[in-house]
Amino acid sequence: MQWEKSTAAEIKSLVKEEVCIIPLGSLEKHGEHLPTGIDGLVAHKIALLAAEQEPVAVLPPLFYTYVKPMKNLPGAISIETDLLLSFLENVCDEVGRNGFRKIILANGHGGNNALLNVFAQHLIDKDKPYAVYIPPIFMAHDVIRKLLETPETGHACELETSFALYLYPELCQMDKLPEGFSTSQKDYDVSPASTSVDWYASYPDAYVGDAHKASAEKGRKMVEAQVERLVELIRKIKADDKVLKHLSEFALSLGHD
Ligand SMILES: [Zn+2]
């Protein structure tokens, strides 16, 4: 059920299913050939396809997220860390206030991962009437790995471009793809430490590998596998009654019987 296209009564009737998906994306450069919002567009579409198989509410995608490592490239809109944490809490509180007790943060943008993990911990002792569940971006990694021909992926790459060619062919400008293979250009080695500029130093054009190897057919197989895994996950989460129970234990004060 697509929240913004549904009536109030339709949303209310879905509360019994307990689960609401919030797709998260980004606005940032994706090479020369993909649109800035592709992460949220794909995450949203996959959530809607899953909702066709298993009843679940799907919020509009959040495009305004965390893009700090790519901020110096045109097209990036990054929300400040503290504001985004508060904003996510506000959106989840509103979903919870509508009666949904289980919220899946279906993230499509790698740059959000660290923040989402902090967000989940941030909520742990707040006695919320809902739990958040954070799946990995690529739940069907085993299927995807077998389909990939290029060794380096991660952004505007063979993988992401295949998703886009299948779901949004009209938004792909394949004639703009640069020739050759875009490998890491990182010009320092401080391993095993990481720094905040590792990603940008590696891929300053926001393009990884070789998207010439991408295809709509690969994208179809990847999307179908992702949707299947998401449907399985929604069913697991519907069956789960332990996460909320454990969360309620964090709201109790210690030292009392
Ligand atoms: Zn992306």
Side-chain angles (χ1 to χ4, degrees), residues 21-49 60-79 84 105-117 134-141 143-145 147-148 150-174 176-178 181-185 196-216 218-220 222-223 225-227 229-230:
I21 299 179
I22 306 179
L24 290 106
S26 60
L27 295 170
E28 64 175 356
K29 180 170 179 175
H30 275 80
E32 305 300 328
H33 62 297
L34 295 182
T36 52
I38 192 66
D39 291 348
L41 293 170
V42 168
H44 189 216
K45 189 61 86 70
I46 286 174
L48 291 175
L49 290 169
L62 300 186
F63 286 105
Y64 303 108
T65 61
Y66 204 68
V67 192
K68 285 216 185 200
M70 307 278 278
K71 242 186 124 157
N72 52 344
L73 298 175
I77 300 285
S78 190
I79 304 303
L84 185 53
L105 299 174
N107 177 35
H109 166 55
N112 288 335
N113 285 338
L115 192 97
L116 289 178
N117 289 330
I134 307 175
I137 296 177
F138 298 114
M139 274 185 287
H141 53 85
V143 176
I144 289 170
R145 199 178 308 124
L147 289 164
L148 291 177
T150 49
E152 215 168 323
T153 58
H155 191 86
C157 53
E158 179 191 1
L159 196 176
E160 213 167 37
T161 305
S162 293
F163 273 87
L165 283 170
Y166 175 59
L167 294 174
Y168 298 98
E170 72 283 8
L171 301 181
C172 301
Q173 303 186 41
M174 298 303 279
K176 302 268 173 62
L177 263 184
F181 194 92
S182 170
T183 192
S184 173
Q185 297 178 37
S196 57
V197 293
D198 290 348
W199 208 93
Y200 176 70
S202 301
Y203 304 105
D205 296 320
Y207 175 55
V208 179
D210 185 359
H212 289 98
K213 299 284 185 193
S215 74
K218 282 180 191 167
R220 181 183 65 76
M222 292 174 185
V223 166
Q226 283 283 109
V227 170
R229 299 286 162 87
L230 182 55

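Both backbone and side-chain heavy atoms feed into the values below; hydrogens, waters and symmetry mates do not. Note that ligands are numbered from 1 as they come in the structure, with each ligand's atoms numbered from 1 the same way.
The atom of E160 nearest to the Zn ion (ligand 1) is OE2, with the search restricted to N, O or S atoms. The atom of D39 that is an N, O or S and sits closest to the Zn ion (ligand 1) is OD1.
Y203 meets the ring pair (Phe, Tyr, Trp, His ring centres under 6.0 Å) test with W199; sequence neighbours excluded. Remark: Y207 pairs with H33 by the ring pair (Phe, Tyr, Trp, His ring centres under 6.0 Å) rule, at least two apart or across chains.
None of D39, I134, L116 except one satisfies the side chain to side chain contact (heavy atoms under 4.5 Å, CB included) rule with N107; the exception is L116.
Using a cut-off of 2.8 Å, one finds that H30 contributes an N/O/S atom close to the Zn ion (ligand 1).
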Apply side chain to side chain donor-acceptor pair (under 3.5 Å) to E152 and T183, showing your working.
CA-CA 7 Å; E152 215 168 323; T183 192; 2.9 Å; yes
